[in-house]
Amino acid sequence: MSDGSGGDGRRESLASLLGGRKGALDASFPPVAFGVGWIAGGSSIGWGAAVAIAVSVVVGAVRLARGGRAGAVLVSLAAVVVAALIALYTGRAVDFFLPQLLANVASALVWAISIVVRWPMLGVVVGFVLGQKTRWRSDPALVRGYARASWLWVGQYSVRVAVFGALWAAGDVVALSVARVVLSWPLVLATLVASGWVLYRCLPDDHPGLRHPASSLEAAERS
């Protein structure tokens with residue numbers, strides 16, 4: 001088994017393959033803006049919501065100017081608007097972070113179930129990015145590797161659920177704003193690196209790599 005640490009082109013990192021750093025960073029700006037607006041407005045949800053939406057619009061405009069997809073920008077803006085409306089409706093500032101908490105609960109469940117049914121989400125995501133559709137499922141080594149590596153993603157979502165849930169229950173708006181930054185790209189990067197290591201540890205040294213799934217017959221011949 002390879003440790004995936006070499007410079008072999010077949011061992012490209014998941015971080016370089018999947019990327020996502022800019023998107024994760026951009027997504028952390030509106031929650032921080034909400035916290036700042038809430039504090040500056042004297043614990044005003046209205047001020048927090050207004051600042052968060054304004055920052056989201058600015059971030060979206062910058063992403064569009066840099067060639068970002070309009071659909072993704074609109075979805076991000078809609079998510080902030082929905083979070084703001086929930087907080088305004090309930091009258092609880094911490095409820096601005098409730099959609100993110102629930103999204104991580106759902107993600108943890110979906111990723112865990114995908115592993116159990118042998119359709120690990122990491123394989124689905126990487127297969128989509130590489131344009132493989134479902135060809136990776138014909139490679140037992142890849143299926144096994146993606147399944148084991150996907151558990152780390154279940155772990156990262158579970159960490160967010162535990163932290164966000166505790167802070168939401170405590171009603172700590174400022175701590176939630178900070179946690180949204182700390183548990184965004186830094187945690188995603190750590191998960192990408194760790195899951196990439198686990199994935200490649202599951203592949204034989206002569207495996208052709210993520211871009212070239214082997215058939216069951218080819219895998220049997222290698223073994």
Side-chain angles (χ1 to χ4, degrees), residues 14-15 18 20-56 59 72 75-116 120-122 125 147-198:
L14 289 182
L18 300 181
R21 178 177 63 87
K22 290 183 179 180
L25 288 175
D26 290 348
S28 67
F29 290 138
V32 171
F34 179 85
V36 171
W38 180 76
I39 293 173
S43 300
S44 168
I45 297 176
W47 271 100
V51 174
I53 292 174
V55 167
S56 183
V59 169
V75 169
S76 298
L77 176 58
V80 175
V81 172
V82 168
L85 290 175
I86 290 174
L88 289 168
Y89 177 77
T90 63
R92 301 177 71 246
V94 289
D95 286 346
F96 177 86
F97 302 89
L98 187 57
Q100 186 68 26
L101 171 59
L102 296 178
N104 278 278
V105 170
S107 295
L109 290 174
V110 168
W111 279 69
I113 293 172
S114 76
I115 299 169
V116 173
M121 280 299 296
L122 186 58
V125 172
R148 294 180 180 177
S150 289
W151 281 118
L152 296 178
W153 289 80
V154 175
Q156 74 141 349
Y157 291 123
S158 299
V159 166
R160 290 202 192 97
V161 170
V163 175
F164 293 165
L167 295 178
W168 176 79
D172 197 330
V173 176
V174 175
L176 274 168
S177 298
V178 174
R180 279 286 280 110
V181 176
V182 175
L183 298 181
S184 60
W185 177 243
L187 181 57
V188 172
L189 176 59
T191 304
L192 283 167
V193 172
S195 59
W197 183 85
V198 170

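Basis for what follows: all heavy atoms, side chains included, without hydrogens, waters or symmetry-related copies. The structure displayed is predicted, hence computed values, not measured ones.
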Would you check if the side chain of [X] reaches a backbone N or O of [Y] as a donor-acceptor pair within less than 3.5 Å?
X: Ser177; Y: Val173; answer: yes
X: Arg160; Y: Leu183; answer: yes
X: Ser114; Y: Met121; answer: yes

So how far is it from [X] [atom1] to [Y] [atom2], rounded to the nearest 0.5 Å?
X: Ile53; Y: Leu77; atom1: CD1; atom2: CG; value: 7.5 Å
X: Leu122; Y: Trp151; atom1: CG; atom2: CH2; value: 13.5 Å
X: Phe97; Y: Leu102; atom1: CZ; atom2: CG; value: 13.5 Å
X: Leu101; Y: Phe96; atom1: CG; atom2: CZ; value: 13.5 Å
X: Arg92; Y: Ile86; atom1: CZ; atom2: CD1; value: 12.0 Å

In terms of relative ring orientation, are Tyr157 and Trp111 parallel, tilted or perpendicular, with 30° and 60° separating the classes? tilted

Any non-hydrogen side-chain atom of [X] less than 4.5 Å from a side-chain atom of [Y]?
X: Trp168; Y: Leu98; value: yes
X: Val94; Y: Leu176; value: yes
X: Arg180; Y: Val32; value: no
X: Phe29; Y: Ser56; value: no
X: Leu88; Y: Asp95; value: no

Side chains of Ser44 and Trp38, donor plus acceptor under 3.5 Å: no

Side chain to side chain donor-acceptor pair (under 3.5 Å) for Ser195 and Trp153? Distances and angles first, verdict last. CA-CA 8 Å; Ser195 59; Trp153 289 80; 3.2 Å; yes

